[in-house]
Number of protein chains: 4
Amino acid sequence: MVKQPDPARRSERSRQAILAAARELVSEVGYAKLTIEAIAARAGVGKQTIYRWWPSKGAVVLDAFLALSEAGPEGSMALPDTGDVAADLKAVMRATVAEFADPAFEGPIRALNAEIINDPALAAQYREKLAGPVDEAKKERLRSAQRAGQLAADADLDLALELLYAPLYQRWLLRTGPLTPDYADALAEAFLRAMRPAR
Amino acid sequence: MVKQPDPARRSERSRQAILAAARELVSEVGYAKLTIEAIAARAGVGKQTIYRWWPSKGAVVLDAFLALSEAGPEGSMALPDTGDVAADLKAVMRATVAEFADPAFEGPIRALNAEIINDPALAAQYREKLAGPVDEAKKERLRSAQRAGQLAADADLDLALELLYAPLYQRWLLRTGPLTPDYADALAEAFLRAMRPAR
Amino acid sequence: MVKQPDPARRSERSRQAILAAARELVSEVGYAKLTIEAIAARAGVGKQTIYRWWPSKGAVVLDAFLALSEAGPEGSMALPDTGDVAADLKAVMRATVAEFADPAFEGPIRALNAEIINDPALAAQYREKLAGPVDEAKKERLRSAQRAGQLAADADLDLALELLYAPLYQRWLLRTGPLTPDYADALAEAFLRAMRPAR
Amino acid sequence: MVKQPDPARRSERSRQAILAAARELVSEVGYAKLTIEAIAARAGVGKQTIYRWWPSKGAVVLDAFLALSEAGPEGSMALPDTGDVAADLKAVMRATVAEFADPAFEGPIRALNAEIINDPALAAQYREKLAGPVDEAKKERLRSAQRAGQLAADADLDLALELLYAPLYQRWLLRTGPLTPDYADALAEAFLRAMRPAR
DNA sequence: CTGTAACCGAGACGGTACGTCCGGTCTTCAT
DNA sequence: ATGAAGACCGGACGTACCGTCTCGGTTACAG
């Protein structure tokens, strides 16, 4: 039986230093050139302290970003709900397009996604901790539209979300095309046509 | 000025051995644990011979798979066209679902996608050589449907393709949900609702 | 001022466990691969308990062997004295040769000697606790021979002891030659020639 | 089968840099604190280049000193031979005492001896390359004395050498007593008594 | 009889070095 | 004069221990 470390004795100071160092270094050198050794050195921490608590580089970086979002206000997740689904969705999609253009956001998220592709465990964590809450907020907005009779009441919301976001996400991730506000609008419109309630 | 190698003198025997070794090793140990050193050893080739002709590990692997598909018959790319768009699309989507479940296919494609995320040059090559022809065949089927009045004549086919495939692709790549024949059908139906011609 | 531990509160149980573990581990893995950590684990003791009471790995091992010899009967130290110096010395030298061939003896003593070479403090302890009493017994036998007129009365006993033992010891320690009963005899004879009383 | 490096392609420049660095560092920090990493850094060499050609730290240091003595003039090995054995031996022993007092000599030789105790392979190399030639020179002087009728013609020269040097060597190595010119003289005299030709 | 001060087992911590792997460059030799 | 073979420098890997440092718990002496 393998000896497991005791979380009760974990040094919070070290944990914070490591996550901060990871965040800084990802920004400075990029994910691919990030090394455990550099994180440890920057954090003023022994390498073993990283290996003790994280299984991989990806896990550290994921945690580093999780820590950021957990620090943020909880209520900030809710999407706009003016009653006009079309307008609300277009606004959200345009905001997403803008967000994806931010270089500070781009690097780490790309890196994390690349890692996730080959690491199911990391993927699960990512879904649960980062994607999950956001998706739930989005679904909530769609449910509101369903109640308002603007979307089909029997729509599969998982598929709906994919229909709405996957094209945008894929275009960004694989750089298969330009991300413009017009594209955001067109996507929202196609989505609404697909999900319109039956007459 | 940097000395460029002369492609005319390139050893075809070495090129084939390297691509074959790359393909084998990706299957055996996965892309992440693949090393230039191992490819060279397996191919019975000096490392320099790899570095001389390819800029990165990703480029070798990409070439390895390109070589495979180029070997295949050119005409095999066309999609079924029975006149029934709904049936044809469902068949294609179900086939795609099945293909994604094949472990021999899964590993290398995942790896390539992971690499592409962080390497724009590789991404461009991938689009041009692998994704491009396939996408063109798909668009051709959609144009046929447009001519038959089954899809909106003014639809943006790039967006259409994304609407149809991105949800499936993303679900597979990021493992955000199960890939089933029912899912394939639902996706095709949602796509058709979104792209139906206006009355 | 540094806090000194209070010997009165020392756990005898821990002390014994540590010494026993040290002895076992030296036999099992050799001195060079012996670690404080392993001793602590084997003894079921915290590392600090070792560091509290011993300054170095060498000190622990030395103590471990001191504890052994202290446990032995005190009187057993005396050398045979039949009145025939030549016979007595040859017997003792042959016994020493045999002892040096015992693998259980060989490992730890080699290790201790290697350590002693680079650690004067350890050397002093070794001389005082282990070598000293033995040397004294040997000198006692030589004095007896002096009284019997078999050795020069004015001989320097320190040098005498070295003349008798150092060749044997060095041959063993540095493996510069075979240790045989004949060699033991030849050494004893040379010694007697060198130390014979003047006429 | 393990791949062996090809000595023909070995970099002489690297070899020299490594041996020089080893020599310098042994002097500066002592053998115990000497690390492969530091040698590599000082020599401007990859660690692998050391591991490729030497099996252990001890082997590097031994080679470093071998390289020194090989550089020296070959004939310089002969011992003084004035015809007066007693005087010659005392001179040599006193010189040895002086040599052992030199700190630049002391550190590395102590270290090498400590290592040799636990490493038979190293011991064999040491005997062959360093001790051997010196011992041969000493034996030559003794043979000369035998021819002059000053030593027993049938004396075992290996034992003779040990009788003469081992006491001195042991006293120095294990620090069991002071090394003085008087001690050197006494040792030479005892040796001559033991080895005097029978009348 | 009870604090309270020490030792104790346990093990996390900042570090150093290990020995290995591989990246990318440079050199040698055979074809 | 290319290409295989592979040595080279460099640097990160993940592991093993170092010696120090808490952390509760458990004695055992002092008030």
Side-chain angles (χ1 to χ4, degrees), chain A residues 3-11 13-15 17 33-41 43-53 55-57, chain B residues 5-6 8-11 13-14 17 33-41 43-53 55-57, chain C residues 3-11 13-15 17 33-41 43-53 55-57, chain D residues 3-11 13-15 17 33-41 43-53 55-57:
Chain A
K3 185 99 56 82
Q4 295 300 329
D6 176 357
R9 321 189 83 198
R10 182 166 186 180
S11 160
R13 151 183 276 280
S14 293
R15 190 178 153 268
K33 294 197 173 176
L34 179 66
T35 66
I36 297 277
E37 214 142 55
I39 297 175
V45 140
K47 281 200 286 178
Q48 200 59 49
T49 302
I50 299 183
Y51 285 111
R52 188 155 29 230
W53 302 111
S56 68
K57 191 173 70 163
Chain B
D6 175 357
R9 308 202 143 203
R10 183 166 186 181
S11 158
R13 152 186 272 281
S14 293
K33 293 198 172 176
L34 180 67
T35 66
I36 297 278
E37 217 141 54
I39 296 175
V45 140
K47 282 199 287 177
Q48 199 56 43
T49 303
I50 299 184
Y51 284 112
R52 196 162 12 238
W53 301 109
S56 70
K57 189 174 71 165
Chain C
K3 182 103 56 81
Q4 293 301 328
D6 175 358
R9 305 194 140 208
R10 182 167 188 180
S11 159
R13 149 185 275 282
S14 293
R15 188 177 155 269
K33 293 198 172 175
L34 180 66
T35 66
I36 298 277
E37 216 142 55
I39 297 175
V45 140
K47 283 199 288 177
Q48 200 57 47
T49 303
I50 299 183
Y51 284 111
R52 192 159 22 232
W53 302 110
S56 69
K57 187 173 74 163
Chain D
K3 185 98 58 77
Q4 294 301 327
D6 175 357
R9 320 187 95 202
R10 182 167 187 179
S11 159
R13 152 185 275 281
S14 293
R15 188 178 154 268
K33 294 197 172 176
L34 180 66
T35 66
I36 298 278
E37 215 141 55
I39 296 175
V45 140
K47 280 199 288 177
Q48 200 59 51
T49 302
I50 300 183
Y51 285 112
R52 187 155 30 230
W53 302 111
S56 69
K57 191 174 71 165

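The analysis underlying the following values was restricted to heavy atoms, covering all of them including side chains, and did not include hydrogens, waters or symmetry mates. By convention in this document, chain letters (A, B, ...) are assigned in the order of the sequence lines, proteins followed by strands, and residues within each chain are numbered from 1.
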Visitor: Separation of D/K33 atom NZ from F/dC17 atom P, in whole Å?
Guide: 20 Å

Visitor: Looking at D/S14, does any N or O in its side chain come under 4.0 Å of the phosphate oxygens OP1/OP2 on F/dA7?
Guide: no

Visitor: For residues C/R10 and C/W53, determine if any side-chain heavy atom of one lies less than 4.5 Å from a side-chain heavy atom of the other.
Guide: yes

Visitor: For A/T49 and E/dG14, is the shortest distance between a side-chain N/O and OP1 or OP2 below 4.0 Å?
Guide: yes

Visitor: Ignoring hydrogens and angles, does a donor from either the side chain of D/Q48 or the base of F/dC9 sit under 3.5 Å from an acceptor on the other?
Guide: no

Visitor: Just the rounded figure in Å: distance from C1' of E/dC8 to CZ of C/R15.
Guide: 17 Å

Visitor: For D/V45 and for C/A38, locate the closest nucleotide of DNA chain F by heavy-atom distance; then report the residue assigned to the nucleotide nearer the 5' terminus.
Guide: D/V45

Visitor: Any side-chain N or O of D/R52 below 4.0 angstrom from OP1/OP2 of F/dC8?
Guide: yes

Visitor: List the atom of A/I36, the atom of A/K57, and the distance in Å for their closest heavy-atom pair.
Guide: CD1-CA, 4.2 Å

Visitor: Tell me the interatomic distance from A/R13, atom CZ, to E/dG14, atom C1', rounded to whole angstroms.
Guide: 12 Å

Visitor: Rounded to whole Å, please give me the gap between CZ in A/R10 and P in E/dG14.
Guide: 11 Å

Visitor: Can you find a donor-acceptor N/O pair under 3.5 angstrom joining the side chain of B/K47 to the base of E/dG24?
Guide: yes

Visitor: Take the protein atom CD1 of C/I39 and the nucleotide atom C1' of F/dG19, then report the distance between them rounded to whole Å.
Guide: 14 Å

Visitor: Would you mind reading off the distance between C/I50 atom CD1 and E/dC7 atom P, rounded to a whole angstrom?
Guide: 16 Å

Visitor: Between C/G44 and D/I36, which residue's closest nucleotide on DNA chain E lies nearer the 5′ terminus?
Guide: C/G44

Visitor: Closest approach of B/A40 and B/I50, non-hydrogen atoms and distance?
Guide: N-CD1, 3.8 Å

Visitor: If you find the nucleotide of DNA chain F closest to B/G46 and the one closest to D/G46, which residue's nucleotide is nearer the 5' end?
Guide: B/G46

Visitor: Can you check the A/R9 CZ to E/dA12 P distance for me, whole Å?
Guide: 7 Å

Visitor: Let me know the distance between CG of D/D6 and C1' of E/dT28, rounded to the nearest Å.
Guide: 10 Å

Visitor: Considering only side-chain heavy atoms of A/W53, which listed nucleotide, F/dC18, E/dC18, E/dC13, is closest?
Guide: E/dC13

Visitor: Taking only the side-chain heavy atoms of C/Y51 (C-beta and beyond), determine which of F/dC18, E/dG23, F/dC8 contains the nearest atom.
Guide: F/dC18

Visitor: In the structure I gave you, are the side-chain heavy atoms of C/R52 and C/T49 within less than 4.5 Å of one another anywhere?
Guide: yes

Visitor: Given F/dA16, E/dA12, E/dC18, identify the nucleotide with an atom nearest to the side chain of D/E37.
Guide: E/dC18

